[in-house]
Structures are given as structure tokens and as C-alpha cells.
Protein chains: 2
Amino acid sequence: MENHHVPPGSPLDRGHPHVACSSCSLRELCLPAGIDARDMERVDSLVNHRRKLRRGEHLYRAGAPLVSLYAIRSGTMKSCVLHEDGREQVAGFHMMGDLLGLDAIGGGRHMCDTVALEDCEVCEIPFSGLEQLSRELPPLQHQLHRIMSREIVRDYGVMLLLGSMKAEERLAAFLLNLSQRFATRGYSASEFNLRMTREEIGSYLGLKLETISRVLSRFQQDGVIEVHHKHLRISDAERLRAILGQAPTSDG
Amino acid sequence: MENHHVPPGSPLDRGHPHVACSSCSLRELCLPAGIDARDMERVDSLVNHRRKLRRGEHLYRAGAPLVSLYAIRSGTMKSCVLHEDGREQVAGFHMMGDLLGLDAIGGGRHMCDTVALEDCEVCEIPFSGLEQLSRELPPLQHQLHRIMSREIVRDYGVMLLLGSMKAEERLAAFLLNLSQRFATRGYSASEFNLRMTREEIGSYLGLKLETISRVLSRFQQDGVIEVHHKHLRISDAERLRAILGQAPTSDG
DNA sequence: CGATGGCCTTGATATAGGTCAAACGGAAGC
DNA sequence: GCTTCCGTTTGACCTATATCAAGGCCATCG
């Protein structure tokens with residue numbers, strides 16, 4: 001009923017009791033990207049523990065001390081920043097290959113809550129061991145830096161979205177971003193399930209759930225997408241890009 | 001051309017005591033925080049070039065290849081993300097001690113424009129040299145990680161602001177943040193000059209310049225602040241904090 | 001000195017999106 | 001199979017902020 005587009009060899013393809021980075025299909029997306037076979041053993045021995053989370057379970061909460069970073073093997077999660085008065089802002093949605101916990105390095109404590117949106121499996125990466133190993137393996141060091149930098153760039157993109165786009169543009173940007181991330185991971189770019197509620201999408205995009213619902217309906221009426229509850233199909237990616245204001249892609 | 005393992009204060013120290021990290025008053029805020037005296041020499045020799053910018057000059061533009069990171073010695077800068085259609089979003093304001101260019105590590109190219117809001121001086125830190133040295137100096141490595149992580153956390157705060165706060169809350173948050181950063185640098189927390197225009201503040205906060213102007217006027221009428229053009233004095237920081245912490249209509 | 005131009009302020013009006021309300025649909029449980 | 005509940009859709013109305021417009025202030029420059 002879920003995850004029906006499982007590529008062969010993906011971590012969702014269970015049956016490997018002891019899965020190492022070296023044999024993980026996500027390795028080129030994830031922390032060990034660019035590590036050669038010999039050094040990969042050392043990464044394997046660093047990432048020696050995995051953890052399963054049920055839907056709704058927290059991976060960590062704001063205030064918890066930093067112990068490990070986490071790489072998602074399977075499932076989808078969200079990170080939320082909290083305001084004292086209870087308001088919460090979804091700061092990001094994460095999927096397989098993403099590295100979580102970067103917010104905690106600065107102060108030694110996590111600064112947001114990270115919650116599973118569906119059953120998930122994550123690899124635990126003890127942070128002090130990671131710093132140590134990355135001193136010895138320059139490609140690992142560089143990849144860690146790249147991942148942190150890309151998170152900063154992603155955040156800038158969200159600021160652009162929240163600060164200067166209208167509702168339709170925000171949603172178009174969101175759908176295209178999801179699409180692209182699924183494609184990068186070997187899934188369909190044009191058809192996927194939304195793992196989050198309208199309310200969570202709204203929080204991420206700085207809009208109310210009713211607005212998300214209305215804009216999705218409008219897109220559907222215009223023939224740009226087809227939505228049925230959580231299932232979404234992008235019928236006209238070009239038009240979505242036009243809504244966003246992007247130049248059409250030359251290569252498709 | 002200078003600072004080649006020259007101990008600060010030695011006769012070879014060219015008579016610019018403030019030139020080297022080791023004798024820079026910002027060192028505990030900046031990249032070399034936590035580096036001990038002996039290792040500091042190596043940082044000094046890495047950071048061997050400085051650059052002055054006039055008001056309005058670009059430090060780098062989106063698309064430029066990553067060469068160096070930059071630490072601000074003096075002055076204020078802004079970073080802007082650009083949308084093809086010309087819209088621009090201010091993603092951050094930077095002041096002395098801040099480290100710039102982190103956005104470029106992920107893709108090897110800068111992803112935003114960074115511009116001097118007033119005459120500035122920056123220290124250039126060649127990135128490849130920094131990665132190399134940080135492999136040898138764990139405290140340097142750790143500080144780099146902390147700085148990147150804190151930038152991510154700052155970005156999450158901006159998302160919270162843009163995604164779920166009203167105009168008055170955003171401006172209160174902005175003023176308190178500026179105040180705190182001035183205080184950290186040894187300046188008055190309650191009285192300072194705004195180096196940016198109303199329009200730039202508006203861009204950062206996802207509001208129009210007229211709204212910034214109106215809210216500032218309202219704050220002034222309420223006796224929370226006094227503004228005269230660029231000069232700002234916080235008369236009642238407590239009330240500002242209260243504005244920031246207000247829950248939206250929960251009761252009725 | 002007076003003119004110029006960039007910023008800022010303030011008012012009047014418009015509107016995108018929020019809020020409130022009602023009803024619907026699948027999924028899970030009885 | 002029926003009920004309940006959560007998430008969603010849709011409609012009607014409201015409000016915070018944008019937009020448009022006019023004028024003011026200060027620094028700069030001729």
C-alpha cells in the first residue's frame with residue numbers, strides 16, 4: 001500500500017540483515033559519496049547502528065544533546081522549529097539519503113524536532129567519530145561540508161519562497177522540488193505519494209491548509225496535476241515551471 | 001605577502017598588530033575561536049589576504065566559483081538570493097566576525113550575491129587551505145562545523161519568522177536579533193544605526209518597505225523604540241520581547 | 001545657497017490569503 | 001456492514017498587508 005516504486009537493491013528491498021554503506025544503493029547520495037572501496041570499510045565501521053521508527057515517532061527533539069547524525073535509509077521525516085507559544089513551523093521534509101541532525105552541531109543540542117511521517121529506518125552516525133574519521137579521509141570531510149552547505153542553500157531557497165512568492169508559486173516550487181528528489185532517487189518524477197498532510201505542506205510553505213487544498217484543486221482544474229488524496233501526478237511539469245517563473249528546461 | 005609564521009608582536013610583524021587572527025579582537029567570535037596560541041600561527045598564515053570593499057560593491061556574485069571564504073573585519077553586508085524574474089530576497093545581514101561564502105561549498109559556486117552595505121574590510125580564507133588545515137587542527141575543524149551548523153539554525157529561525165509570524169512579530173524579532181548581535185560585539189544593545197534601508201529590511205522579513213515604515217512608526221508611538229531615519233534606540237526591550245512571544249488569537 | 005535624488009512616511013484603497021463553517025470520503029474499528 | 005474520525009474540500013466572509021499615490025526629509029552636489 002506504500003512504497004510501490006521500489007528499485008531493486010534499494011534499502012527497502014529487505015532481506016539484508018547487516019547492510020553496510022558499501023553496499024547501500026544510496027551511497028552516492030549520502031554521506032559516503034566519493035569514498036573509494038578501501039576507505040569505505042572505515043565508514044562502514046563508523047555507521048554501525050541502525051534504528052527503526054514508527055510513524056509519528058520522534059528521531060530527536062529540540063533540546064536533546066547531540067550524539068549522532070542520522071542518514072535516512074527509508075521513509076520520510078519532517079523537521080519542525082518550535083516557537084514558545086506552541087506555533088510550529090515545518091523547516092523541511094527529508095527522504096532517503098538525507099542527513100539529519102546538522103542543526104545540533106553548533107550548540108551541541110538539537111534545535112528542532114524531527115518526526116517520522118511514515119515508518120522509517122535511519123543509520124546512526126556518531127558525530128565525534130565522524131569528525132575524527134573525516135580528518136583522516138578528505139573525501140568524507142569534503143562531503144560533510146558539501147552536505148551542510150547544500151542545506152544552507154536549500155534554506156536560502158525556502159527563504160526566497162516564503163519571502164517573495166505567492167501561494168501558487170510556492171506550491172509549484174514545492175511539487176517540482178519533491179518531483180526532482182524522487183527522480184534523483186530512482187522513482188517516478190511525475191507520480192508519487194505525498195507523505196505529509198495538507199497542514200504540514202502549509203506550514204512548510206507559510207500557508208494555511210485550506211489554501212493548499214484550494215491551490216491543488218485549481219492546479220487540477222487547470223490540468224497541471226491530478227491529485228487524489230495523497231496521490232499526486234504531475235501532468236504538465238512545463239506549466240508548473242512556468243507558474244514558478246522558471247525558464248523551460250531544454251533537455252526535459 | 002605577510003603573516004608567514006610571524007609571531008604577533010615580533011619585529012617581523014610589519015607593525016600591523018590587528019592584521020593577524022592571533023591579535024584580532026574578533027577571534028573568539030570568528031573562525032579561530034578555540035584555537036590555542038601555537039596553532040594560531042598556522043591559521044594566521046592561512047588567512048593572509050585582506051580586501052576592502054566600498055559601499056555597494058559586491059564581495060561575490062551568484063555563479064562565481066568558490067575560491068575563499070570571507071570573515072568580516074568591519075562593516076555590514078547583505079546576502080541576496082535571486083529569482084530569474086528579477087525578484088530578490090535578502091537572505092541575511094552580516095557583520096564583523098561573520099563568516100561568508102558557506103553557500104558555495106556544496107556546488108563549488110556561490111549561490112547568492114553578497115554586497116557591502118557600507119565600506120567593509122574582509123579577511124580572505126582560501127577554502128582548500130582551510131579544509132586541509134582543519135584536518136590537522138581539530139578545534140578549527142570543529143569551529144567550522146559549528147559555524148555552518150549555526151547558519152542552518154539561523155535559517156530555521158528565519159523560516160519560522162517568514163512562515164508563521166505577523167509583521168510586528170517579524171520586526172520585533174529582527175530588532176532584538178540585531179540588538180543581540182551588537183551586544184555580542186561589545187556595542188550597545190539598545191542604540192545603534194540600521195545599516196540597511198527599509199526596503200532591505202522588508203525583503204529580509206518578507207514585507208514591503210511601507211509596512212516596515214508603518215510598524216516602526218507604530219512601535220515608536222507605543223514607546224517601544226525611538227527611530228530617526230537610520231538611528232534606532234530600543235526603549236523597552238521587554239515589550240519588544242513580549243510582542244515577539246505573543247501567541248496569535250487563542251482565546252477569543 | 002538652492003536643486004537634485006534617494007529614502008522615508010503617511011493616507012486611501014485593493015486583494016491574497018486567512019478564518020470560520022459545513023460537509024465529504026476513506027480508513028480503521030466495532 | 002455501520003460508525004467514527006481525521007484529513008480534506010469548498011464556500012462565504014474578513015483582515016493584514018500590498019499597492020498606489022503624494023509629499024517630506026536629508027545628504028550631496030553644482
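Quick caveat, the model's predicted, so the values are computed rather than measured. The sequence lines fix the lettering, A, B, ..., with proteins before strands; numbering per chain opens at 1.
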Colleague: What is the distance from CZ of A:Arg55 to C1' of C:dA28, rounded to the nearest Å?
Modeller: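 Atom CZ in A:Arg55 sits about 12 Å away from atom C1' in C:dA28.
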Colleague: If the threshold is 4.0 Å, N to carboxylate O, is there a salt bridge linking B:Glu200 and B:Lys78?
Modeller: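 A salt bridge links B:Glu200 with B:Lys78.
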Colleague: Measuring from the side chain of B:Arg214 (C-beta onward, heavy atoms only), which nucleotide among C:dC20, D:dT8, C:dT10 has the closest atom?
Modeller: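 Of all the options, the side chain of B:Arg214 is nearest to C:dT10.
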Colleague: Look at all strands and tell whether B:Leu209 reaches a base, only sugar-phosphate, or nothing, counting heavy atoms closer than 4.0 Å.
Modeller: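 Since a base atom lies under 4.0 Å of B:Leu209, the category is base.
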Colleague: Which nucleotide sits closest to the side chain of A:Thr211: C:dG17, D:dT19, D:dT10?
Modeller: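 The listed nucleotide nearest to A:Thr211's side chain is C:dG17.
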Colleague: Any chance CD of A:Glu199 has more than 12 other-residue heavy atoms, nucleotides or ligands included, within less than 6.0 Å?
Modeller: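 Atom CD in A:Glu199 is not crowded, with 12 or fewer foreign heavy atoms closer than 6.0 Å.
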Colleague: If you pin B:Glu199 and A:Met165 to their nearest nucleotides in DNA chain C, which one's is more 5'?
Modeller: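 Going by which nucleotide is closer to the 5' end, it is B:Glu199.
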Colleague: Once you apply a heavy-atom cut-off of 4.0 Å, does B:Ser217 come out as touching a base, just sugar-phosphate, or nothing?
Modeller: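 Sugar-phosphate contact only.
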Colleague: I need the CZ-P distance between B:Arg218 and C:dT10, as an integer number of Å.
Modeller: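 Interatomic distance, CZ of B:Arg218 to P of C:dT10: 12 Å.
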Colleague: From the list C:dT10, C:dT19, C:dG26, which nucleotide is the closest neighbour of the side chain of B:Ser213?
Modeller: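 Selected nucleotide (nearest to the side chain): C:dT10.
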Colleague: Measure CG/B:Asn193 against C1'/D:dA27 and give the value in whole Å, please.
Modeller: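 Atom CG in B:Asn193 sits about 15 Å away from atom C1' in D:dA27.
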Colleague: Of the nucleotides D:dT17, D:dT8, C:dG17, which has the atom closest to the A:Ala167 side chain?
Modeller: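 Comparing D:dT17, D:dT8, C:dG17 against the side chain of A:Ala167, the answer is C:dG17.
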Colleague: Output the single nucleotide from D:dA18, C:dT19, D:dC26 whose closest atom is nearest the side chain of A:Glu210.
Modeller: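 My answer, after comparing the listed nucleotides, is C:dT19.
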Colleague: CD of B:Gln220 versus P of C:dT9: gap in Å, rounded?
Modeller: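 B:Gln220 atom CD is separated from C:dT9 atom P by 9 Å.
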Colleague: Tell me the interatomic distance from B:Arg170, atom CZ, to D:dT17, atom C1', rounded to whole angstroms.
Modeller: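 Distance, rounded to whole Å: 10 Å.
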Colleague: Ion pair present between B:Arg218 and B:Glu168, side-chain N to carboxylate O less than 4.0 angstrom?
Modeller: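 A salt bridge links B:Arg218 with B:Glu168.
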Colleague: Take atom CG of B:Leu232 and atom C1' of C:dC7, then tell me their distance rounded to the nearest Å.
Modeller: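 B:Leu232 atom CG is separated from C:dC7 atom C1' by 16 Å.
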Colleague: Closer than 4.0 Å, any side-chain N/O of A:Lys166 to the OP1 or OP2 of C:dT15?
Modeller: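 Checking C:dT15 against A:Lys166, no side-chain N or O comes under 4.0 Å of OP1 or OP2.
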Colleague: For A:His229 and D:dC6, give me the distance from atom NE2 to atom P, rounded to whole Å.
Modeller: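 Rounding to the nearest Å, NE2 of A:His229 and P of D:dC6 are 17 Å apart.
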Colleague: Between A:Glu121 and A:Arg50, does any side-chain N to carboxylate O distance fall below 4.0 Å?
Modeller: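 Salt bridge flag = yes for A:Arg50 with A:Glu121.
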Colleague: Answer with base, sugar-phosphate or nothing: what part of the nucleic acid does B:Gly202 contact at a heavy-atom distance below 4.0 Å?
Modeller: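 Nothing, no heavy atom under 4.0 Å.
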Colleague: Return the nearest nucleotide to the side chain of B:Thr197; candidates are C:dC8, D:dG7, D:dA18.
Modeller: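 Out of C:dC8, D:dG7, D:dA18, the nucleotide with an atom closest to B:Thr197's side chain is C:dC8.
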Colleague: What is the distance from CG of B:Leu162 to P of D:dT17, rounded to the nearest Å?
Modeller: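 Whole-Å distance recorded here is 13 Å.
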Colleague: Tell me if the centroids of the rings in A:Tyr204 and A:Phe93 come within less than 6.0 Å of each other.
Modeller: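 Aromatic pair counts; centres sit under 6.0 Å.
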Colleague: Select one nucleotide: of C:dG18, D:dT9, C:dC7, the one nearest the side-chain heavy atoms of A:Arg198.
Modeller: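 The nucleotide sitting nearest to the side chain is D:dT9.
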